[in-house]
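Note sheet for the following structure.
In this text the structure is predicted, and so the values were computed from the model without any measurement. Below, chains carry the letters A, B, ... as their sequence lines are ordered, and counting in each starts from 1.
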Amino acid sequence: MTEKRNVICRCEEIEIDEIREWIARGYDTFDELKRELRVGMGPCQGRGCRDIILRELSKATGKPISELNPGTIRPPVKPIKLGLLAEDK
Amino acid sequence: MMDFPKTADVVIIGGGVVGTATAYYLAKSGRKNVVLVEKNTVCSGSTGRCGAGIRAQWGLELNCRMALACLDTFEQLDEELGLPTGLNQGGYLLVAYKEKEWEQFKKNVELQHSLGIKTEIFTDVKRAQEICPGVAVDDALGFTFYQRDGHADPFLTTFAFQEAAKRYGAKFYKFTEVTGLKVEGGQIRAVETNRGTIECGQVVNCAGSWAQDVAKMAGIHLPNWAERHEILITEPVDPGVCPPMLMSFSGNYYIQQRPHGSIIAGESPSHEPLLGYTSTAHSIESIAKTIIKLLPRAKNIRVVRQWAGHYDMTPDAAPILGETDVKEFWHATGFSGHGFMLGPVAGQIMSALLNGEKPPIDPTIMDYRRFERGERIVEPNVV
Ligand SMILES: Cc1cc2nc3c(=O)[nH]c(=O)nc-3n(C[C@H](O)[C@H](O)[C@H](O)COP(=O)(O)OP(=O)(O)OC[C@H]3O[C@@H](n4cnc5c(N)ncnc54)[C@H](O)[C@@H]3O)c2cc1C
Ligand code: FES
């Protein structure tokens, strides 16, 4: 296995080159990259990688970051244990 | 940015698994100028929200045959498309809790065996625990298990179809919403979108839970509707927590573990289904309770996300495949909660139909006019 060098999404171990490769194929929204590469789907839910990826998308599409869709953030925002969720309230 | 096309041979509406598979098989068959339009991004509809389970354990011959064709397709799909689909064949372990359900399972398995689906049927809880370690199912009456069943990754599968279709020359346009259909002399002529009109010879409606709205644009009434279903996913944990797809109709659950370790679980709505994509606290609690009852050692695993999606329902929970009263306006829709597994074969059938060839499975019975005629396709094995 080759060593991963420029890891952008630590949770899912995705390198900048993989991100650039899929953007070049036309997957130029955060949601599409998330679906293909799982970036933003790790335990941190994208807190660690979203900004860098949006910057790449901005570079590739020529759109300012403020105009890009940062992708859906789904509940729960912080991971909760199944046992806790199942407790009767 | 590609120029927006003014004409096309075929326009496919909807970039879910059904639309992208249809685009792939059509382009592969040699059709030039195949165009797919998607109002949002590819895989943003039900496909990207689904459990992506694949099973041959059905109770109706038609469904068994289609599902078996799907398994055959999925098993060589990575190689065919040149990208991984994330197929994981841990089998489906179906659990019966009710007498009537168990009797039905016995009939289903007889049918499955006659079609070459080698389902195992048993009552021994220990056997169930060999398949799914630690599963708490003392209250079950019996089980069926078929090892070739499993699940794939819905995103990877759909994008793999898209990439392979592009290699054969199909074109994909995202953020392109169909707003009207032009019909002249009883035949489809053009698709109107927010980005312009595309004149074309054939149109395939693969708009999933929105297919009825698209059909209406050509004056066709489909009795379909969207039904909201919720689902959750946990952080990745060690493999082996839930090797098979664990599923029960009467127990109202399905639980699976993806190859990267996350557990996915869902249930059918017990209450009046709401529309839209908001998740509810009620549902996450009830799914969590079910998981812990079945897999007690999962209690410390954390849920990272929950979401909702639509089942693309028809009155008999069977799909609509075929041409409509408007000539060259075709439908592949209404998969009623099992469109992921049927998607690849639906694509093969649609490609053959549009080319005037014999499809791999005869879809005649899946004509949408069956509802007007008062006919139903009755499948006993659905959630
Ligand atoms: C929670 C859940 C769990 C499920 N589990 C399973 C499972 O385990 N196994 C299984 O086989 N199936 C499962 N399903 C069902 C499965 O997701 C669907 O049957 C399948 O994805 C349907 O695919 P599709 O391509 O027809 O629809 P979709 O994926 O919904 O695609 C339709 C596309 O059409 C687009 N569209 C709509 N209107 C327009 C328009 N006017 N112009 C342009 N584009 C338009 C939409 O944006 C959408 O992307 C599940 C569904 C849900 C919600
Ligand atoms: S760093 Fe990308 S999801 Fe956590």
Would you indicate whether the side-chain heavy atoms of B:V304 and A:Q45 approach each other to under 4.5 Å? yes

Whether B:K174 and A:D28 form a salt bridge (side-chain N of Lys/Arg under 4.0 Å from carboxylate O of Asp/Glu) is what I want to check. yes

Could you tell me whether A:E67 atom CD has more than 12 heavy atoms of other residues or ligands within 6.0 Å of it? yes

Please say whether more than 12 non-hydrogen atoms of neighbouring residues, nucleotides or ligands are located less than 6.0 Å from CZ in A:R25. yes

Inter-residue atom distance [X].[atom1] - [Y].[atom2], 0.5 Å rounding:
X	Y	atom1	atom2	result
B:F159	A:L37	CZ	CG	9.0 Å
B:K299	A:L82	NZ	CG	11.0 Å
B:T234	A:L85	OG1	CG	11.5 Å

Pair count under 4.5 Å, heavy atoms only, with chain A: among B:I301, B:D153, B:I263, highest is B:I301

Go through the atoms of B:I233 and report whether side chain, backbone, both or neither lie under 4.5 Å from a heavy atom of chain A. neither

Proximity breakdown for A:R38 and chain B, heavy-atom pairs closer than 4.5 Å: side chain

Would you name the heavy atoms of A:A86 and B:I292 that are closest together and state the gap between them? CB-CD1, 3.8 Å

Where do A:R35 and B:V42 come nearest, in terms of heavy atoms and distance? NH1-O, 2.9 Å

Could you walk me through whether A:E87 and B:E285 pass the side-chain contact (heavy atoms from CB on, under 4.5 Å) check? CA-CA 8 Å; A:E87 270 174 21; B:E285 261 176 52; over 6 Å; no

Excluding sequence neighbours, so at least two apart, what forms side-chain hydrogen bond (donor to acceptor under 3.5 Å, both in side chains) with B:S262? B:H260

Residue pairs passing the side-chain hydrogen bond (donor to acceptor under 3.5 Å, both in side chains) test where at least one lies in residues 157-166 of chain B, sequence neighbours excluded: A:Y27-B:Q162, A:Y27-B:E163, B:E163-B:K166

